[in-house]
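Before I ask anything, let me first share the structure, which is written out below as structure tokens.
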Amino acid sequence: MGKRIGPLGREAASLALAALLGAASAFAQSAAGIPEEDRADQGAPGLHRIALYPTPDLAPAGGTAFLRWSPTPFGASVTRDGSHLYLLDLEIEGLPEPASLDGSRSWVAWVTTPVMDPVIRLGEVGNGRFPGLGPVAFDKFVILISAEASPDPPSRRGRLALRGASPSTRVLPDNHLMVPVSGSGEAGADPASHSAMDHGAMDHAAMGHGAPTDELAWPHPPMLPETPMIPGLGRLRPKPLPFLPRLAGDRSAPEATPSRVARLADGQTLDLIAGAVRRRIHGREYLMYGFNGQYPGPLIHVDQAATIFVNFENRTRWPTAIHWHGIRLDNAFDGVPGLTQDPVPPGGRFQYTIHFPDAGLYWYHPHHREEVQQDLGLYGNMLVEAPPELWYGPVHREEVLLLDDLLLADDGSLYPWGEERATHALMGRFGNLFLVNGEPRYELEVARGEVIRFFLTNVSNTRTFNLSFGEPGTHRVKVVGSDLSKFEREEWVDSVVLAPAERYIVEVRYDEAGEHAIENRVRALEHTFGSYFSRVTPLGAARVTDEEADPETAPDWNRLRANPEVSAEVDAYRDRFDDPPDYELALTLEVEGLDPAIMQRMRADRVFFAPVEWADTMPMMNSVASPEEARWIVREPATGRENEEIEWRFRVGDVVRVRLRNDAAAIHAMQHPFHIHGQRFLVTARNGSPVQNQVFKDTMLIAAGETVDILLEITNPGKWMAHCHIAEHLEAGMKFLFTVDP
Ligand code: C2O
Ligand code: CU
């Protein structure tokens with residue numbers, strides 16, 4: 001949908017204005033007369049519910065449209081191309097009998113774009129509640145309710161009664177063009193300022209071959225070609241000193257080798273050394289970090305119920321500790337410096353004992369300045385195998401993929417990290433070079449009909465992926481598991497949405513020979529002109545040969561299996577799903593001391609928050625914010641406590657209902673992949689809609705403005721952390737602690 005000005009432009013604009021007014025009035029009362037406070041779990045007014053306005057002669061008829069995720073096994077519902085996918089619940093009251101309007105027989109709901117094309121019939125409505133209309137996958141849309149001669153007319157003919165506009169329609173060029181910009185960043189012409197069009201290829205690959213400079217300075221942050229430079233920000237640079245690993249004093253850094261499998265039996269020990277490695281990407285050398293000289297770190301492969309020992313040695317120049325993400329292990333080995341252990345200083349050692357109670361896919365990473373250390377390559381997977389009868393269904397092959405992105409400056413060098421503190425504290429550090437298992441291009445040779453089980457982990461600092469595996473119709477993708485268990489029921493999907501630290505286990509079968517691109521496909525919001533644009537980034541490809549795989553190896557794969565053993569575990573809690581929350585948390589942001597031009601821009605952007613920020617469309621303001629300026633907050637409204645002031649105490653055996661509300665009134669709201677250490681939980685509802693297909697999780701995506709209800713199962717004693725897994729949000733304070741007594 002472009003910004004075409006057509007004969008309908010005026011109608012679209014006035015609808016957008018109505019939506020703005022609606023955002024305010026929806027605070028008071030919903031159309032069906034349900035007081036606002038009883039809607040607390042339904043998501044943010046103005047973001048997840050929008051008012052339906054009558055034509056003047058039909059006042060006081062009206063209604064509310066609730067935007068719900070179309071059912072999905074993931075944390076957000078999107079199409080393969082990355083459009084958000086909603087079902088609409090309409091609540092309508094006060095409409096007259098349609099017959100009272102020149103012989104009409106039915107009220108019919110429609111959805112269309114702001115330029116009124118195409119118009120899609122949602123179905124017959126009337127006064128009352130009409131749930132689950134759609135799905136709707138327009139970036140910006142308008143809901144119309146008209147009186148029609150039949151309940152299912154092929155097109156809208158009848159007179160209009162109610163209309164409303166999606167929250168995304170509120171983003172108009174005017175929102176920003178009207179904002180006067182002034183700030184220190186504006187002073188003088190900026191010799192370093194680049195035109196956005198110079199950087200077209202940066203999202204795909206490290207294109208630069210410039211000579212590395214000797215004294216380190218902050219380069220201009222790379223921009224997406226679709227996002228123009230915000231006037232007034234061109235000269236701003238992060239305040240912390242820039243940090244890059246240096247070879248000086250560490251000339252011995254080995255050439256990184258690909259990850260190897262460390263198959264460990266119960267009781268065995270792994271030596272794990274974090275240190276500098278030399279990496280070659282697109283022909284250019286980079287000094288980064290790795291475990292045991294490998295990048296990613298060794299794939300630790302164990303049997304369920306095994307216990308292993310890890311002798312960790314820190315040969316980086318940062319204090320650190322290793323966290324075994326998702327493992328319900330002994331608290332003393334959870335690897336959170338300052339909480340479960342002292343940081344391991346440069347040159348220091350620590351021995352971890354890791355017991356693996358749960359089968360599935362896990363990962364390990366540092367838990368100190370991880371926005372630097374993890375980003376430089378300190379991450380690896382753990383594959384915990386169940387006995388054969390409890391493992392996933394039979395497939396031809398299993399592949400483990402770690403998805404990452406690395407930020408390169410325009411000259412192809414690593415964009416530095418902050419020395420004393422993090423940069424990118426607003427949206428987190430998005431990279432522009434995508435890596436699968438550390439490589440810019442992942443290749444897999446596959447036989448026709450072969451079923452590959454992919455174990456996927458998102459290890460990026462902040463990017464949420466929407467991963468697809470090829471052209472529609474050439475293959476099938478089945479999601480079978482996530483963080484700590486299988487799903488109750490397998491599902492077919494078009495793409496896989498993974499927020500940072502989440503894992504999904506999917507099975508893919510290619511039915512056609514040829515090359516099938518593995519891609520990240522998203523639609524991002526360009527804020528200055530309020531338009532959406534597509535980003536399609538290739539991560540690699542599956543090359544399907546003409547050779548035929550033996551179908552008997554994966555019999556019945558076409559069937560979606562149920563996993564009654566998972567349902568049985570969930571059943572133990574199902575009657576608690578409707579219990580009111582025991583605890584409530586709000587996720588929000590406070591900023592201080594940011595450049596006035598950034599502040600003005602952020603205030604203007606509050607008109608609409610995209611549910612998920614799929615790309616960094618504001619790299620300049622993002623990069624210069626450090627935790628000194630941006631404080632991300634977990635707030636407990638009941639006590640007023642924030643972040644580490646929060647004091648929760650449980651006992652093993654407790655089952656706790658927690659409601660997390662992503663504050664849409666924050667100066668900037670965005671998604672948070674929220675992680676809880678040492679336990680597992682179920683996401684029971686999103687914006688009041690029950691989640692139907694359960695899976696045990698340790699990390700969940702909470703979209704901007706969304707309210708998520710979870711059921712937290714307390715099984716593991718100790719002092720644990722819960723935090724946002726956007727590495728920079730963790731650095732910027734978004735964490736709290738809870739104690740579990742035995
Ligand atoms: Cu993956 Cu607290 O971490
Ligand atoms: Cu966050």
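One is the number of the first residue; the rest follow in order along the sequence. Whatever order the structure lists them in is the order used to number ligands and atoms, beginning at 1. The figures here come from the full heavy-atom set of this structure, side chains too, leaving out hydrogens, waters and symmetry mates. Predicted, not measured: the structure shown is a model, and the values here were computed from it.
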Please state whether the separation between atom 1 (Cu) of ligand 1 and some N/O/S atom of His325 is under 2.8 Å? yes
Please state whether the separation between atom 2 (Cu) of ligand 1 and some N/O/S atom of His723 is under 2.8 Å? yes
Test of ring centre spacing under 6.0 Å for His723 and His367: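 Here the rings of His367 and His723 have centres that are less than 6.0 Å from each other.
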Is atom 1 (Cu) of ligand 1 less than 2.8 Å from at least one N/O/S atom of His323? no
Between CZ of Phe430 and CD1 of Ile726, what distance do you get to the nearest 0.5 Å? 7.0 Å
Neighbour count above 12 (heavy atom, 6.0 Å) for Glu592 CD: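 No - once you tally the heavy atoms of other residues, nucleotides and ligands closer than 6.0 Å, there are 12 at most.
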Is there an N/O/S atom in His367 that lies less than 2.8 Å from atom 2 (Cu) of ligand 1? yes
The Cu ion (ligand 2) to His672: nearest N/O/S atom name: ND1
Can you see whether Phe738 has Lys719 sitting over its ring - NZ or CZ less than 6.0 Å from the centre and within 45° of the normal? no
Is the distance from the Cu ion (ligand 2) to some N, O or S atom of His725 under 2.8 Å? no
What N/O/S atom of His729 gets nearest to the Cu ion (ligand 2)?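 For His729, the N, O or S atom at the smallest distance from the Cu ion (ligand 2) is ND1.
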Residues Phe674, His729; criterion side-chain contact (heavy atoms from CB on, under 4.5 Å); working and verdict: CA-CA 10 Å; Phe674 207 82; His729 289 187; over 6 Å; no
Measure from the ring center of Tyr362 to the ring center of Phe356 and say whether it is less than 6.0 Å.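 Ring-ring flag for Tyr362/Phe356: false, centres at least 6.0 Å apart.
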Distance check below 2.8 Å: does His675 bring an N, O or S atom to atom 2 (Cu) of ligand 1? no
